[in-house]
Amino acid sequence: MKIASFNINGIKARIGALGDWLQAAAPDLVVLQEIKTVDENFPAAHFEDMGYNLAVHGQKSFNGVAILSKLPLEDVTRGLPGDDADEQARYIEATVVGDHAVRIAGLYLPNGNPAPGPKYDYKLAWMERLRLRAADLLALEMPVVMLGDFNIIPQPRDAAEPAEWVKDALFLPDSRAAFRRIAAQGWTDALRDADPFGRRGPFTFWDFQGGAWRRDNGIRIDHLMLSPQAADLVTSSGVDREVRAGEKPSDHVPVWVDLAA
DNA sequence: ATGGTAGAGCTTCTA
């Protein structure tokens with residue numbers, strides 16, 4: 001079961017690039033972030049025609065997440081628990097059943113800039129809510145994949161130029177500590193685990209500005225976090241870096257993990 | 001300190 005995450009930065013602008021990648025990579029399931037539209041305006045038929053079932057949790061103009069899955073989506077829940085007043089569409093869960101039942105948690109973690117400030121406070125509060133939900137997911141003692149755009153650079157090696165990020169909400173000590181606190185519950189960072197002693201990267205995001213892609217000035221902020229029961233099923237994982245060089249690309253590229261599930 | 005680019009949707013915000 002090939003499970004992927006892709007921050008597409010606007011579904012309307014990315015129908016072509018997303019469709020091309022789906023054809024080439026053929027994931028069984030992909031969680032999308034930054035669809036930037038309401039549920040009714042998601043181009044559902046286009047992806048249903050490609051054989052995908054849909055669960056959408058959208059919002060006008062900003063944020064918005066979705067799941068495309070070749071297997072039926074069961075027990076879909078929308079929104080991160082812990083704050084009924086939070087109206088930002090950043091979190092969705094579902095279960096898919098192949099050889100094993102796998103719980104999927106797709107997320108778009110707040111950016112948090114500028115820091116300090118209210119947006120950074122929201123980021124840290126959101127991460128505390130995620131920590132609580134992540135603990136409940138581990139307690140299920142089943143294969144769980146918690147994946148998406150975490151907007152966290154975990155370590156200096158996850159940036160081409162870490163010095164450029166020292167005052168950024170993606171790399172501040174409090175952000176990294178909050179991510180570490182969740183990871184230390186028992187999650188496996190699939191891309192890190194695949195290359196534990198690599199010197200840099202693999203990167204998953206290159207800014208549209210400043211020729212970041214041309215200079216390979218990237219960061220690793222899209223993560224695949226695996227429960228122990230999911231980690232035991234991994235057969236391969238990767239980053240589809242070449243997508244960033246395509247026509248009308250997102251600033252992120254797809255990340256994926258293949259499970260014997 | 002600023003602006004560089006991109007998307008959505010509207011003349012600005014978010015990233």
Side-chain angles (χ1 to χ4, degrees), chain A residues 5-21 30-44 46-47 56-66 79-80 86-91 106-127 130 147-154 158-172 174-176 178-179 203-223 241-255:
Chain A
S5 172
F6 191 1
N7 180 325
I8 52 173
N9 194 358
I11 185 61
K12 295 169 193 169
R14 219 66 66 205
I15 291 176
L18 175 59
D20 290 349
W21 171 75
V30 55
V31 299
L32 303 176
Q33 302 89 39
E34 289 205 85
I35 64 171
K36 294 187 174 180
T37 193
V38 293
D39 295 10
E40 309 84 79
N41 290 341
F42 192 93
H46 183 83
F47 299 103
V56 181
H57 181 38
Q59 176 183 342
K60 186 180 178 182
S61 299
F62 306 116
N63 310 316
V65 291
L80 181 65
D86 185 358
E87 294 182 346
Q88 299 190 28
R90 298 178 172 275
Y91 189 84
L107 63 90
Y108 175 48
L109 207 147
N111 176 295
N113 282 303
K119 291 187 178 180
Y120 193 57
D121 295 342
Y122 174 69
K123 177 178 194 147
L124 294 179
W126 203 95
M127 293 187 78
L130 180 63
L147 72 171
D149 177 0
F150 280 72
N151 269 316
I152 295 286
I153 302 167
D158 295 308
E161 300 287 350
E164 294 181 2
W165 299 92
V166 289
K167 293 183 177 173
D168 194 285
L170 279 58
F171 194 54
L172 283 174
D174 284 348
S175 306
R176 294 163 59 190
F179 179 77
F203 305 136
T204 67
F205 169 93
W206 296 260
D207 202 295
F208 287 125
Q209 304 182 66
W213 169 245
R214 179 175 48 78
R215 300 188 293 120
D216 195 21
N217 184 12
I219 52 178
R220 188 175 75 96
I221 57 176
D222 299 272
H223 304 304
R241 177 187 166 95
E242 72 284 355
V243 170
R244 188 64 176 80
E247 197 170 324
K248 215 166 155 47
S250 173
D251 41 6
H252 296 250
V253 296
V255 299

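To find a chain, count down the sequence lines: A is the first, B the second, and so on, and within it residues start at 1.
Between A:Asp207 and A:Asn111, it is A:Asp207 whose nearest contact on DNA chain B lies nearer the 5' terminus.
The closest side-chain heavy-atom distance from A:Phe179 to A:Leu109 is not below 4.5 Å. Annotation: side chain of A:Val31 is not in contact with side chain of A:Val65 (no heavy-atom distance under 4.5 Å). Residues A:Leu170 and A:Ile221 form a side-chain contact, since some pair of their non-hydrogen atoms from C-beta on lies under 4.5 Å apart. Counting heavy atoms from C-beta outward, A:Pro110 and A:Tyr120 have side chains that stay 4.5 Å or more apart. Looking at A:Ile15 and A:His46, their side chains come closer than 4.5 Å, going by heavy atoms from C-beta outward.
OP1 and OP2 of B:dT14 both lie 4.0 Å or more from every side-chain N or O belonging to A:Arg90.
Whole-Å rounding puts the A:Gln88 CD to B:dT14 P distance at 9 Å. Rounded to whole angstrom, the span from the CZ atom of A:Arg215 across to the C1' atom of B:dT5 amounts to 13 Å. A:Asp251 places its CG atom 18 Å from the P atom of B:dG4, with the value rounded to the nearest Å. For A:Asp168 and B:dT14, the CG to C1' distance is 14 Å, given to the nearest whole Å. Distance, A:Lys123 NZ to B:dA15 C1': 11 Å, rounded to whole Å. The interatomic distance linking A:Tyr122 (OH) with B:dA15 (C1') rounds to 15 Å, in whole Å.
Within 4.0 Å of A:Arg214, counting heavy atoms only, lies no atom of the nucleic acid at all. A:Phe205 comes within contact range of no nucleotide atom at all, as no heavy-atom separation falls under 4.0 Å.
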(message) Does the protein touch nucleotides 6-13 of chain B at the base, only the backbone, or not at all? Give it as B, S and - per nucleotide, heavy atoms under 4.0 Å.
(response) SBSSS--B
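A:Asp174 and A:Lys123 are not joined by a salt bridge, as no carboxylate oxygen comes within less than 4.0 angstrom of a charged side-chain nitrogen.
Remark: the backbone N or O of A:Ile152 is paired with a side-chain donor or acceptor of A:His223 at under 3.5 angstrom.
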So which protein N/O to nucleotides 1-3 of chain B N/O distances come out below 3.5 Å?
none

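A:Asn217 and A:Glu164 form a side-chain donor-acceptor contact under 3.5 Å, judged by distance and modelled atom types alone.
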(message) Quick one, A:Asn7 with A:Asp222, criterion side chain to side chain donor-acceptor pair (under 3.5 Å). Give me CA distance, side-chain angles, the key distance, then yes/no.
(response) CA-CA 8 Å; A:Asn7 180 325; A:Asp222 299 272; 5.3 Å; no
